[in-house]
12 protein chains.
Amino acid sequence: MSEHVYKMLELVGSSTKSTDDAVRNAIERAGKTVRNLDWFEVLETRGHIDKGKIAHWQVKVKIGFRLEG
Amino acid sequence: MSEHVYKMLELVGSSTKSTDDAVRNAIERAGKTVRNLDWFEVLETRGHIDKGKIAHWQVKVKIGFRLEG
Amino acid sequence: MSEHVYKMLELVGSSTKSTDDAVRNAIERAGKTVRNLDWFEVLETRGHIDKGKIAHWQVKVKIGFRLEG
Amino acid sequence: MSEHVYKMLELVGSSTKSTDDAVRNAIERAGKTVRNLDWFEVLETRGHIDKGKIAHWQVKVKIGFRLEG
Amino acid sequence: MSEHVYKMLELVGSSTKSTDDAVRNAIERAGKTVRNLDWFEVLETRGHIDKGKIAHWQVKVKIGFRLEG
Amino acid sequence: MSEHVYKMLELVGSSTKSTDDAVRNAIERAGKTVRNLDWFEVLETRGHIDKGKIAHWQVKVKIGFRLEG
Amino acid sequence: MSEHVYKMLELVGSSTKSTDDAVRNAIERAGKTVRNLDWFEVLETRGHIDKGKIAHWQVKVKIGFRLEG
Amino acid sequence: MSEHVYKMLELVGSSTKSTDDAVRNAIERAGKTVRNLDWFEVLETRGHIDKGKIAHWQVKVKIGFRLEG
Amino acid sequence: MSEHVYKMLELVGSSTKSTDDAVRNAIERAGKTVRNLDWFEVLETRGHIDKGKIAHWQVKVKIGFRLEG
Amino acid sequence: MSEHVYKMLELVGSSTKSTDDAVRNAIERAGKTVRNLDWFEVLETRGHIDKGKIAHWQVKVKIGFRLEG
Amino acid sequence: MSEHVYKMLELVGSSTKSTDDAVRNAIERAGKTVRNLDWFEVLETRGHIDKGKIAHWQVKVKIGFRLEG
Amino acid sequence: MSEHVYKMLELVGSSTKSTDDAVRNAIERAGKTVRNLDWFEVLETRGHIDKGKIAHWQVKVKIGFRLEG
């Protein structure tokens with residue numbers, strides 16, 4: 001019963017605003033197809049530069065969710 | 001023919017008994033939905049403490065299985 | 001719109017010919033079931049030896065693809 | 001005189017707002033019991049998800065402070 | 001209120017029996033002087049060999065506990 | 001033609017406001033002397049503490065730009 | 001006299017029973033040909049899966065022994 | 001005289017053909033502006049995928065060259 | 001009895017003379033408040049430059065000491 | 001019987017032709033003095049540059065072979 | 001004003017005398033062409049052996065200096 | 001001819017005097033049984049503390065030597 005098994009998804013979220021927002025976008029997208037999202041871990045932060053400015057923040061995250069049954 | 005491709009799953013198994021048992025639980029769960037499980041790699045060992053005792057061992061594993069066709 | 005989310009797959013490609021070919025095999029296989037493959041990252045290169053010769057090159061890759069909608 | 005020795009504390013700060021705020025909370029807490037805080041290093045960023053949203057950002061930091069005498 | 005701060009202790013537990021037991025010994029010892037132990041992370045497993053046999057398993061763990069107030 | 005070569009610069013940006021702002025400062029500074037900035041990778045986040053508060057966020061970034069001809 | 005030099009061997013032990021047993025098998029085997037075994041360090045834990053069950057635990061260890069004279 | 005100092009450049013070479021070719025392209029480009037190139041170290045192999053095929057191999061290398069005087 | 005538990009301290013020693021001296025300073029300082037110091041591990045070597053010369057060597061060390069009872 | 005122990009050799013192969021060829025050279029050389037070579041793992045790829053061209057590829061590999069009896 | 005940006009140089013210093021001296025040589029050389037050197041980080045220590053003795057210590061360092069305006 | 005293969009030995013040298021001396025001791029010992037020593041890489045620096053003072057410096061090194069024929 002309490003011996004749950006979790007699966008890790010690895011996503012890259014992007015945002016024009018901030019690193020935190022890129023993480024939020026990744027998690028929100030995961031929540032569209034997966035239930036029981038439980039925690040995330042940030043792996044890597046990068047971004048794309050256009051005309052000398054940050055165009056997109058790109059954050060790679062692992063997201064853990066509980067498998068049912 | 002012999003140039004197989006394998007897919008890696010990443011799971012976290014938990015157990016109240018031992019680290020080895022947490023790995024076994026993750027692999028058993030993977031076997032319910034995936035065939036041709038071939039090998040695993042232990043990534044990380046953690047656990048939850050409750051009232052000064054280990055309540056759960058939590059082991060993150062990557063599991064490789066052969067893709068068909 | 002431009003705030004895409006990408007998912008990472010982790011595969012191990014094998015080849016009797018070369019490391020580059022093992023990567024190609026992994027990506028080709030991914031392309032059979034996933035659209036919008038965008039980039040890959042090589043994680044690990046190993047191989048199997050038989051009678052003193054390299055029998056298979058095995059390359060672990062992460063492959064990123066854009067999630068739709 | 002100028003050959004100071006520093007001690008590293010390792011804390012995990014959490015915040016419902018942002019990663020930066022989680023770091024600030026950890027440092028503020030350290031400042032309640034330790035003087036001469038000098039610098040910090042971010043080790044790991046994770047978080048807890050509840051109902052498909054980030055409930056807490058959790059940031060592990062090392063904090064260096066100068067030992068007296 | 002829910003924005004807790006946690007402190008990490010780093011201990012090395014040893015055991016003549018098993019790796020899991022070395023972790024348990026470290027956590028039990030931590031519990032003698034610290035309250036609110038919450039989780040642990042295994043960092044490193046080593047051991048001492050005597051007359052060709054494992055004399056002690058030595059496991060380095062980080063232990064997180066919630067700071068009060 | 002499409003076989004571009006890129007050069008990586010390594011800078012540390014600092015900011016009194018936020019980690020994201022420290023990254024922005026590093027990239028803006030790079031843009032003063034280098035053209036064709038293309039992407040960045042965050043390597044390390046640290047900061048300086050003064051009187052128990054974060055005085056500066058310091059973020060080490062690698063910045064890639066396309067070499068001409 | 002007290003300035004000993006040690007040599008590191010790297011072995012992979014396997015066991016059908018447990019990770020700890022795989023380590024023991026590696027050390028026992030080393031003891032057949034080398035004297036003065038002194039300590040070991042666990043590098044990597046993997047295993048082979050057969051029909052959905054763990055067939056072998058495989059643990060890579062470095063073993064240090066004192067060189068004579 | 002024999003106590004040389006070397007400087008490391010970090011470049012990303014790309015190639016439509018192979019990983020080795022991407023390294024060669026990076027080194028050739030470095031040789032256009034720098035003398036006394038001495039050795040290189042491969043840091044990271046990635047690539048871009050277009051229509052399910054590898055469009056470019058991208059290899060990040062550090063290149064060491066001897067500083068004069 | 002022989003199943004000791006050890007605690008790790010993390011200190012940064014500094015020295016105007018040498019890296020080894022920076023380590024010695026850290027250990028000496030630790031010995032003022034802690035008994036049973038047993039071993040150390042060097043984590044990181046850095047330093048401060050003033051007017052083109054090394055002003056301080058700074059070495060981060062983990063120091064292990066045996067906990068009593 | 002099936003609880004084999006493997007030993008890891010660490011070699012650096014070099015080649016004027018390619019990275020794959022450098023690996024092959026290392027394995028071929030190992031096969032001259034060791035039987036039962038089973039697998040290899042690539043650790044590091046470097047090379048020597050002469051007159052602006054790659055003179056040698058140098059690849060560090062670990063090679064595992066089964067110990068008898 | 002206080003939001004400085006720093007650039008990291010990566011050099012390898014060599015010395016026939018000691019590791020510390022190899023670092024000093026690298027920093028001294030950097031000071032010939034760059035102003036405002038501020039700190040260094042040791043990345044890697046290697047060396048060349050000739051006739052069974054250390055001929056050169058080689059230390060790879062990153063050196064940070066403040067960019068003006 | 002110029003496609004040499006090198007073998008890596010891993011030793012831990014110890015010294016009561018300094019880290020550099022511990023490296024020297026390891027290399028001198030290797031030279032007693034192996035010819036063609038070519039280079040070394042420092043992996044890890046640790047030490048033993050006795051009565052609050054450093055009793056031994058212990059440095060783990062990899063040593064590369066050219067294989068003949």
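In what follows, chains are A, B, ... by sequence order, proteins preceding strands, each numbered from 1.
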| note | Interface check, chain A: of B/R29, B/K32, B/Q58, most non-hydrogen pairs under 4.5 Å belong to B/R29

| said: Quick check: closest heavy atoms across B/N25 and A/V5, and the distance to 0.1 Å? | reply: O-CG2, 3.8 Å

| Spatial distance of atom CE (A/M8) from atom CG (B/L43) [nearest 0.5 Å] | 9.5 Å

| Pairwise distance NZ(A/K7) to CG(B/L9) - rounded to 0.5 angstrom | 5.5 Å

| field | Steps toward side-chain contact (heavy atoms from CB on, under 4.5 Å) verdict (B/T33, A/L67) | value | CA-CA 11 Å; B/T33 51; A/L67 290 171; over 6 Å; no

| note | Given B/A55, B/S15, B/A30, B/A22, the one with more heavy-atom pairs under 4.5 angstrom with chain A than any other is B/S15

